[in-house]
Engineer: 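There's a structure below that I have some questions on.
Residue numbers start from 1 in every chain, and the chains themselves are labelled A, B, ... in the order their sequence lines are given, proteins ahead of strands.
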Number of protein chains: 2
Amino acid sequence: MPFERLSILGVGLLGGSIGLALKSASNPCKIVGYGHRPATLESALRLGAIDEIAPDPAAAVRGADLVILASPVGVFKQLIDKIKAELKMGAIVTDVGSTKRTVCRLAEEALPAGVHFVGSHPMAGSEKRGVDAARADLFHGALCITTPTTKTDPTALRQVESFWQALGMRITRLNPEDHDRLLADVSHLPHLLAATLIAVQSDPAFDLAGKGFFDTTRIAGGDGGLWRDIFLDNADNLRISITKLRQELDRFESLLKPEQSEHLRAYLDKSAARRRSHEEP
Amino acid sequence: MPFERLSILGVGLLGGSIGLALKSASNPCKIVGYGHRPATLESALRLGAIDEIAPDPAAAVRGADLVILASPVGVFKQLIDKIKAELKMGAIVTDVGSTKRTVCRLAEEALPAGVHFVGSHPMAGSEKRGVDAARADLFHGALCITTPTTKTDPTALRQVESFWQALGMRITRLNPEDHDRLLADVSHLPHLLAATLIAVQSDPAFDLAGKGFFDTTRIAGGDGGLWRDIFLDNADNLRISITKLRQELDRFESLLKPEQSEHLRAYLDKSAARRRSHEEP
């Protein structure tokens with residue numbers, strides 16, 4: 001661990017879990033936390049996720065070797081503006097956002113020369129929220145996508161990847177455009193379907209919900225503000241994903257006839273086999 | 001338990017679990033099993049889910065006080081035709097099907113006077129399949145919907161409900177039409193969305209699937225033939241459910257704009273709160 005002083009901006013589920021994971025590995029680095037709610041910061045300190053509370057983002061990043069933006073995606077611009085003049089030469093900034101094009105562009109435009117930005121998307125989380133749900137093992141075995149661009153410093157990239165690996169994560173690299181396009185299909189579309197699936201239920205139908213319904217809609221229990229930011233930031237890709245789903249529903253409906261019985265079964269068998277062929281993380 | 005001799009037609013996950021649940025409660029009734037695959041019946045006998053293997057449906061139901069149709073929905077007609085002449089006076093027939101209009105109509109048309117049919121939908125199950133996945137506690141705490149009609153014998157209805165309650169289930173009554181309409185929304189639509197959601201993924205997207213995707217699509221790992229039968233039997237209601245979902249996607253897309261940010265958040269918050277307000281079974 002080449003970082004002696006870490007700054008976590010936004011000490012919720014992800015930010016708090018990073019702190020707990022580092023502490024549980026007896027890491028000697030000092031962790032400074034900032035967040036907009038004092039009660040959350042006090043909880044994070046009490047739980048041992050951070051060592052010190054900073055009064056504002058600028059103070060939080062002063063002297064930091066690694067700064068982790070762990071707020072909702074919609075707050076990144078504001079945070080970058082508040083910290084850009086305070087970062088030391090050689091500091092590395094990364095983030096935990098679920099979308100990557102915007103944060104990479106913003107950071108590369110705003111951060112001064114000698115400060116390195118590396119986009120990260122640690123794909124861990126939960127429908128639970130806040131630092132009280134933070135866990136030292138949240139990242140263990142999960143995938144972290146790093147999103148280098150042509151401007152990314154190779155040494156900083158390797159250091160950020162080593163950081164996530166130290167927390168137990170597997171690493172995949174994608175450019176920010178591919179990341180946002182693929183995640184729209186495999187993460188953002190499932191989330192919006194879960195939310196719409198809840199919305200279409202009448203009360204009498206919802207009262208009959210079984211285990212399958214609860215599995216299917218679990219992710220929709222997540223934070224509305226956080227997901228609003230993700231959806232708006234990736235709206236262009238998400239519209240394409242929705243269009244693909246509509247076309248798939250057309251196809252499904254065309255099979256929903258007795259004379260298509262064998263094709264309907266083949267369709268369902270194919271999805272079932274594909275689902276089972278991927279091991280759950 | 002007023003039943004001394006039980007017949008289970010179709011000894012898979014549900015049929016097998018019924019047998020195991022009865023045995024674990026040290027129930028003295030004799031359980032005769034029939035299924036079209038000899039290997040499955042041998043497994044069921046070895047696991048203790050049934051006491052005896054019958055060579056055909058007619059032999060399985062001879063002398064039975066309670067007959068449970070536990071095959072896929074699409075096989076019910078054939079089973080009813082094979083057993084109708086063999087049932088003893090006073091016998092009760094029930095089923096475990098996920099759709100109820102067809103089986104209730106078929107049974108009421110075909111079964112002789114003096115034999116009572118009561119439709120049941122024990123809402124337990126799993127994406128796992130077959131008698132090897134059967135569990136004595138599968139039904140515990142889950143909901144069983146009984147679907148009496150104007151022709152249903154009230155004593156038989158109470159006896160069937162007591163039977164499911166003895167397996168640990170809660171009971172709700174619905175008429176077959178309401179059952180199929182509500183289940184299309186809360187069970188069949190989620191299943192088809194899970195299947196279509198898998199189908200729209202490119203291989204590179206699927207490789208990035210995280211816990212949320214696996215939760216959302218878990219039910220689509222279920223048996224294709226079984227679900228094909230359910231979808232075709234409830235196709236009219238399912239088309240209405242799909243239309244409702246399409247309209248909900250329209251609504252969601254209308255909120256996917258920066259100027260609708262507050263409404264988008266309210267939409268997501270509402271679904272999240274509704275999801276969290278229902279306790280998982």
Engineer: Shorter than 4.5 Å, heavy atoms on both sides: which option in A:Q260, A:Q247, A:R218 has the most such pairs with chain B?
Structural biologist: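 The option with the most such pairs is A:R218.
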
Engineer: A side-chain contact here means heavy atoms from C-beta on lying under 4.5 Å apart; do B:R246 and A:D250 qualify?
Structural biologist: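 In contact.
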
Engineer: Chain A heavy atoms under 4.5 Å from B:L208: which part of the residue, side chain, backbone, both or neither?
Structural biologist: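 Answer is both: backbone and side chain atoms of B:L208 are under 4.5 Å from chain A.
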
Engineer: Which atoms of B:R274 are under 4.5 Å from chain A, going by heavy atoms: the side chain, the backbone, both sets, or neither?
Structural biologist: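 Both backbone and side chain.
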
Engineer: In terms of heavy-atom proximity below 4.5 Å to chain B, should A:D233 be classed as side chain, backbone, both, or neither?
Structural biologist: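 Contact with chain B is absent: no heavy atom of A:D233 under 4.5 Å.
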
Engineer: Would you give the length of the straight line joining atom CD of A:E259 to atom CG of B:L232, rounded to the nearest 0.5 angstrom?
Structural biologist: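 The distance works out to 9.5 Å.
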
Engineer: Hey, does B:L197 have a side-chain heavy atom less than 4.5 Å from the side chain of A:L193?
Structural biologist: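 Of all side-chain heavy-atom pairs linking B:L197 with A:L193, at least one is under 4.5 Å.
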
Engineer: Can you tell which part of B:K270 gets under 4.5 Å to a heavy atom of chain A, answering side chain, backbone, both or neither?
Structural biologist: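 No part of it gets close to chain A.
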
Engineer: Taking every heavy-atom pair that is under 4.5 Å apart, which of B:T196, B:V200, B:D223 has the most such pairs with chain A?
Structural biologist: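 When all of B:T196, B:V200, B:D223 are compared, B:T196 has the most.
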
Engineer: Which of the residues B:A273, B:G222, B:A272 is involved in the greatest number of heavy-atom pairs with chain A at under 4.5 angstrom?
Structural biologist: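 Highest number of pairs under 4.5 Å: B:A272.
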
Engineer: Between B:M123, B:Q201, B:E253, B:R275, which shows the greatest number of heavy-atom pairs under 4.5 Å with chain A?
Structural biologist: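 The residue among B:M123, B:Q201, B:E253, B:R275 with the greatest pair count is B:R275.
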
Engineer: Locate the shortest heavy-atom distance separating B:Y267 from A:A199; write the atom from each residue and the value.
Structural biologist: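 Between these two residues, the closest heavy atoms are OH-CB, 3.4 Å.
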
Engineer: Would you mind telling me which of A:D185, A:V186, A:L182 makes a side chain to side chain contact (heavy atoms under 4.5 Å, CB included) with B:P204?
Structural biologist: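 Among A:D185, A:V186, A:L182, the one that satisfies the side chain to side chain contact (heavy atoms under 4.5 Å, CB included) with B:P204 is A:L182.
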
Engineer: May I ask you to check whether over 12 heavy atoms, not counting those of B:R37, lie within 6.0 Å of atom CZ?
Structural biologist: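 No, CZ of B:R37 has 12 or fewer neighbouring heavy atoms, counting only those of other groups under 6.0 Å.
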
Engineer: At a 4.5 Å cut-off on heavy atoms, which part of B:L245 comes close to chain A: side chain, backbone, both, or neither?
Structural biologist: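 Looking at B:L245, backbone and side chain both touch chain A.
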
Engineer: Please determine, among B:K244, B:H191, B:R239, B:R181, the option with the most heavy-atom pairs under 4.5 Å with chain A.
Structural biologist: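 So the answer, after comparing B:K244, B:H191, B:R239, B:R181, is B:R239.
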
Engineer: Taking the six-membered ring for Trp, are A:F206 and B:H278 parallel (under 30°), tilted (30 to 60°) or perpendicular (over 60°)?
Structural biologist: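 Rings of A:F206 and B:H278: parallel, as their planes differ by under 30°.
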
Engineer: Identify which part of A:R276 has an atom lying under 4.5 Å from any heavy atom of chain B, answering side chain, backbone, both or neither.
Structural biologist: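 The answer is the side chain of A:R276.
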
Engineer: Measuring heavy-atom distances to chain A, does B:S187 have an atom under 4.5 Å in its side chain, in its backbone, in both, or in neither?
Structural biologist: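 No part of it gets close to chain A.
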
Engineer: Taking every heavy-atom pair that is under 4.5 Å apart, which of A:D269, A:I145, A:L192 has the most such pairs with chain B?
Structural biologist: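 Looking at each option in turn, the highest pair count goes to A:L192.
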
Engineer: Taking side chain as everything from C-beta outward and backbone as N, CA, C, O, which of these in A:L226 sits under 4.5 Å from a heavy atom of chain B? Side chain, backbone, both or neither.
Structural biologist: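 Answer is neither: A:L226 stays 4.5 Å or more from chain B.
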
Engineer: Determine the option with the most heavy-atom pairs under 4.5 angstrom with chain B, choosing from A:G224, A:S271, A:A266.
Structural biologist: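 Top option by heavy-atom pairs under 4.5 Å: A:S271.
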
Engineer: Of all heavy-atom pairs between B:A195 and A:L268, which one has the smallest distance, and what is that distance?
Structural biologist: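 Looks like CB-CD2, 4.0 Å.
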
Engineer: So, for A:S261 and B:R228, which heavy atoms are closest and what is the spacing to 0.1 Å?
Structural biologist: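 Closest approach of A:S261 to B:R228, heavy atoms only: OG-NH1, 2.8 Å.
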
Engineer: Counting only heavy atoms closer than 4.5 Å, note whether B:S241 contacts chain A via side chain, backbone, both or neither.
Structural biologist: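 Answer is neither: B:S241 stays 4.5 Å or more from chain A.
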
Engineer: May I ask you to name which of A:A220, A:P258, A:A194 has the most heavy-atom pairs under 4.5 Å with chain B?
Structural biologist: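 Top count of heavy-atom pairs under 4.5 Å with chain B: A:A220.
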
Engineer: Can you tell me which of B:G225, B:A184, B:G212, B:G74 forms the most heavy-atom pairs within a distance under 4.5 Å of chain A?
Structural biologist: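 Greatest number of close heavy-atom pairs with chain A: B:G225.
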
Engineer: Measure distances from B:N234 to the heavy atoms of chain A and classify the residue's part below 4.5 Å as side chain, backbone, both or neither.
Structural biologist: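 For B:N234, neither part sits under 4.5 Å from chain A.
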
Engineer: So what's closer than 4.5 Å to chain A heavy atoms on B:F252: side chain, backbone, both or neither?
Structural biologist: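 Side chain only.
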
Engineer: How close do B:A235 and A:L256 get, counting heavy atoms only, and between which atoms?
Structural biologist: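 Closest approach of B:A235 to A:L256, heavy atoms only: CB-CG, 3.9 Å.
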
Engineer: Considering only heavy atoms and a distance below 4.5 Å, find which of A:D207, A:D215, A:I219 pairs most often with chain B.
Structural biologist: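 The option with the most such pairs is A:D215.
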
Engineer: Picking from B:L143, B:D178, B:L264, B:T216, which has the most non-hydrogen pairs under 4.5 angstrom with chain A?
Structural biologist: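 Greatest number of close heavy-atom pairs with chain A: B:T216.
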
